[in-house]
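Values below: every heavy atom of this structure, side chains too, minus hydrogens, waters and symmetry copies. Since the model is a prediction, treat every value here as computed from it, not as a measurement. Chain identifiers are assigned alphabetically (A, B, ...) following the order of the sequence lines, protein sequences preceding nucleic acid strands; residue numbering begins at 1 within each chain.
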Amino acid sequence: MRFAPSPTGMFHVGGARSALFNWALALQQADGRFVLRIEDTDAARNRPEWTEGIIRALAWLGISADDPHFEGPYFQSAYAGKHRETAERLYKDGRAYYCDCTREQVQERRGNPHLGYDGFCRDRGLEPGPGRALRFRVPEGGPTVVDDRIRGRVEFEHSAIEDFVIARADGSPLFVLANVVDDVEMGVNTVVRGEEHLSNAPKQQLLWEALGRPAPVWAHLPVIVNEKRQKLSKRRDKVALESYQDEGFLAEAMVNYLMLLGWGPGEDREIMPFADMVPLFRLEDVNSSSAFFDEKKLRAFNGEYIRALDTDAFVERCRPWLTGESAPWPAANYDESALRAVAPLAQSRVAVLGEIVPNVDFLFLDEPAEDDRSWAKAMKPDTAVPMLEAALERLADPSLAWAAEPVKAEVEAAGAALGLKLGKAQAPVRVAVTGRTVGLPLFESLEVLGRERTLRRLEAALARLRAEATGAPDSAEG
RNA sequence: GCCCCCAUCGUCUAGUGGCCUAGGACGCCGCCCUUUCAAGGCGGUAACGCCGGUUCGAAUCCGGUUGGGGGUACCA
């Protein structure tokens, strides 16, 4: 097994799925190896942080460098000598030849920019030299048959494969060559990669044969597409694994979802830990049609995984959003015991961990969050003012035990006196205290918030309501 | 253009000639529960691209067609 990404951008979900499939296969055998090779030969487009990102992302998915099945990372750039050596050998064996044609010359001869190389230098016997690239001599007749574990036999007529370049004029190897040379060196026997590489397979198989090695087992995975059914692109689609991680997707959920893109454990099962999938995974069972990356379903999976956590684990995993830089409240305001008190209530309400923030911010913010739409919806002066006044009066009673049930009873009673059912009566109170019409169960929230802060917020809301009523009516909002 | 891949509900898929009046999941809709919102429960919506074959019988096999997609670099 091997996974050979190129560090030319943020690590994305397609690469993650390929890595996972490779990983599952490697784990199936005691001596299975998952070789991570960073293909960094395109110096202009590589950056060290991308490489670090790949390793970090793999670790997040559970593909850990600490595992004995993991090997690497190797860096392709370190094997340049071997690449050149192999290119030279291919030339000496007559399997490749030098060519000094420019792209313009080829096009001029063929008259069509889409037609490939015409073999002009095939028999010119050019020696190595400046301006001369090395081309592989594709055999004259017959096809190369790629035996793909997912797609079956795929035939490529040699007449349709041009004599492709394997080394640039400066001697540096191209992907097709470097990739094969490294795989040969590293003893890779199974290549599982995206469908976009299918057209490289016959060329690489020819190279393996030219080097006197049996070609590896090939498996070309269906591409992952966007809603327009185009291959996911780093430019236009949200594909970075890191962005999902930042939003609060659980690695377990991401892994589970990704494994289901093109494959399934069978028996109508979907939610399943990776470890249980490993023994069940078979390349032969992988689908060959492209799959849409459905974030809605990913979210549903994530919700399932979040709800399956126990409270401690849930709190633990929410911590980065609660105590990190992004938290909207002053760090000193954070109170873990308050959080723990409402955590079970929040757990079934968040689909991604990041959503914990708007659910609990009323506990840690000095003022409730400002949400104009909520205010406009719940704070209709004719009902909100009397309701808040009544609630305030009842809740201010020092003999009232400050707990969810008694508080609920008071608010309910205050509403009843005004002819409001609890559903209506609680709305202004909720907005006054939390800033929003939706959120955690209100009375449990008030219990945790405490009497003082609750009363203060009710007063503040009432004051604002009165100010708006007596203020400039022409500027009132609908 | 050329080469190659693909084709079941909106989406991910089950299905490998009769078990299919096509199953599951996400989504969507409705109902129940309910202090909001979720979660949960119950129910519903919705698909074999098309045309020919083969066969007693086709979502399943074959051919064609249409439609998607990938590749077509001295990128990876």
If you check every side-chain atom of Gln426(A), which of rC12(B), rU36(B), rA73(B) has the closest atom? rU36(B)
With the threshold set at 4.0 Å, does a side-chain nitrogen-carboxylate oxygen contact exist between Asp312(A) and Arg340(A)? yes
Euclidean distance, atom CG of residue Leu449(A) to atom P of rU35(B) [Å, nearest integer]: 21 Å
For the P atoms, the ones on rC9(B) and on rA47(B), what distance do you get once it is rounded to whole angstrom? 9 Å
How far, in whole Å, is rC2(B) from rA59(B) if one measures between their C1' atoms? 32 Å
Per Arg151(A) side chain, nearest of listed nucleotides rC74(B), rC12(B), rC5(B): rC5(B)
Are Asn287(A) and rA7(B) close enough that a side-chain N or O sits under 4.0 Å from OP1 or OP2? no
Quick one: label Leu440(A) by what it contacts on the DNA or RNA (base, sugar-phosphate, nothing), any heavy atom closer than 4.0 Å. base
Pi-cation contact, Phe120(A) with Arg109(A) (under 6.0 Å, within 45°): yes
Can you check whether Arg430(A) has a side-chain N or O nearer than 4.0 Å to OP1 or OP2 of rC37(B)? no
Same-atom distance (C1') from rA22(B) to rU16(B), integer angstrom: 15 Å
Under a 4.0 Å N-O cut-off, is there an ion pair linking Glu247(A) with Lys238(A)? yes
Of Leu442(A) and Pro222(A), the one whose closest RNA chain B nucleotide lies more 5': Pro222(A)
Whole-Å gap separating C1' (rG70(B)) and CZ (Arg193(A)): 13 Å
Is it true that Asp361(A) and Arg436(A) make a salt bridge, defined as a side-chain N closer than 4.0 Å to a carboxylate O? yes
For rA73(B) and Arg135(A) - does any side-chain N or O of the residue sit under 4.0 Å from the phosphate oxygens OP1/OP2? no
Only one of Phe293(A), Phe301(A), Tyr257(A) passes ring pair (Phe, Tyr, Trp, His ring centres under 6.0 Å) with Tyr244(A); say which it is. Phe293(A)
Taking CZ from Phe293(A) and P from rU11(B), how many angstroms apart are they, rounded to a whole number? 17 Å
May I ask you to say what Phe443(A) touches in the nucleic acid, namely base, sugar-phosphate or nothing, with a heavy-atom cut-off under 4.0 Å? base
Could you work out which one of rA76(B), rU36(B), rU35(B) sits closest to the side chain of Glu39(A)? rA76(B)
Between Arg229(A) and Glu227(A), does any NZ, NE, NH1 or NH2 come within less than 4.0 Å of an OD or OE carboxylate oxygen? no
How far does the P atom of rC12(B) sit from the matching atom of rC19(B), given to the nearest Å? 26 Å
Mind checking who rC48(B) pairs with, Watson-Crick or G-U wobble, both distances under 3.5 Å? none
Just checking Ala291(A): base, sugar-phosphate only, or nothing, at a heavy-atom cut-off of under 4.0 Å? sugar-phosphate
Is the phosphate of rG40(B), meaning OP1 or OP2, less than 4.0 Å from a side-chain N or O of Arg307(A)? yes
As its Watson-Crick or G-U partner within any shown strand, both distances under 3.5 Å, rC61(B) has rG53(B)
Say we look at rU21(B) and rC31(B): how far apart would their C1' atoms be, to the nearest angstrom? 26 Å
Describe the nucleic acid contact of Gly264(A) in one word from base, sugar-phosphate, nothing, applying a heavy-atom distance below 4.0 Å. nothing
For Glu405(A), report the nucleic acid contact type (base, sugar-phosphate, nothing); a contact means any heavy atom under 4.0 Å. nothing
Name the nucleic acid region contacted by His197(A), choosing base, sugar-phosphate or nothing; use a 4.0 angstrom heavy-atom cut-off, strictly under. base
Heavy atoms under 4.0 Å, any strand shown: does Leu198(A) hit a base, just sugar-phosphate, or nothing? sugar-phosphate
Assign each of Asp100(A) and Ala160(A) to its nearest nucleotide of RNA chain B by heavy atoms, then name whichever residue's nucleotide is nearer the 5' end. Ala160(A)
Report the distance from atom CG of Asp268(A) to atom C1' of rC12(B), rounded to the nearest whole Å. 13 Å
Of the options rC74(B), rC26(B), rC4(B), whose atoms approach the side-chain atoms of Phe156(A) most closely? rC4(B)
Does a side-chain N-to-carboxylate-O contact under 4.0 Å join Arg2(A) and Asp183(A)? yes
Using the side-chain heavy atoms of Phe301(A), tell me which of these nucleotides is nearest: rA25(B), rG24(B), rG40(B). rA25(B)
Answer for the Watson-Crick or wobble partner of rC2(B), both distances under 3.5 Å, is rG71(B)
If the cut-off is 4.0 Å, is Arg229(A) near the phosphate of rC12(B), judged by side-chain N/O to OP1 or OP2? yes
Which is true for Ser348(A) with a 4.0 Å heavy-atom rule: it touches a base, it touches only sugar-phosphate, or it touches nothing? base
Determine the Euclidean distance between corresponding C1' atoms of rU36(B) and rG68(B); express it in Å to zero decimal places. 45 Å
Using a 4.0 Å heavy-atom cut-off, does Glu270(A) contact any base of the nucleic acid, only the sugar-phosphate backbone, or nothing at all? base
Rounded distance in Å - CZ (Phe175(A)) to C1' (rG71(B)): 12 Å
Partner of rA25(B) by Watson-Crick or G-U wobble geometry, both contacts under 3.5 Å, or none? rU11(B)
Give one of base, sugar-phosphate or nothing for Ser288(A), where a contact means two heavy atoms less than 4.0 Å apart. sugar-phosphate
Quiz item: Asn200(A) side-chain donor-acceptor pair to rA76(B) base, under 3.5 Å: yes
Would you say the side chains of Gln205(A) and Trp218(A) form a donor-acceptor pair under 3.5 Å? yes
Give a yes/no on whether any side-chain N or O of Lys297(A) is located under 4.0 angstrom from OP1 or OP2 of rA25(B). no
Tell me what Gln347(A) touches on the nucleic acid: a base, only sugar-phosphate, or nothing, going by heavy atoms under 4.0 Å. nothing
Whole angstrom is fine here: how far is it from CG in Leu260(A) over to P in rA14(B)? 10 Å
Between rG63(B) and rG24(B) - C1' atom distance, rounded Å: 33 Å
For rG71(B), take OP1 and OP2 only and decide whether either is under 4.0 Å from a side-chain N or O of Lys231(A). yes
Nearest of rC26(B), rA7(B), rA73(B) to any side-chain atom of Ser289(A)? rA7(B)
Can you tell whether the side chains of Asp182(A) and Lys82(A) come within less than 4.0 Å, N to carboxylate O? no
Classify the nucleic acid contact of Tyr257(A) as base, sugar-phosphate or nothing, counting any heavy atom under 4.0 Å across all strands shown. nothing
Check: Glu355(A) main-chain N/O paired with Asn359(A) side-chain donor or acceptor under 3.5 Å: yes
In whole Å, what separates the P atom of rA58(B) from that of rG53(B)? 12 Å
Indicate, with a heavy-atom threshold strictly under 4.0 Å, whether Gly262(A) touches base, sugar-phosphate, or nothing. sugar-phosphate
How long is the line joining CD of Glu267(A) and P of rG24(B), in whole Å? 15 Å
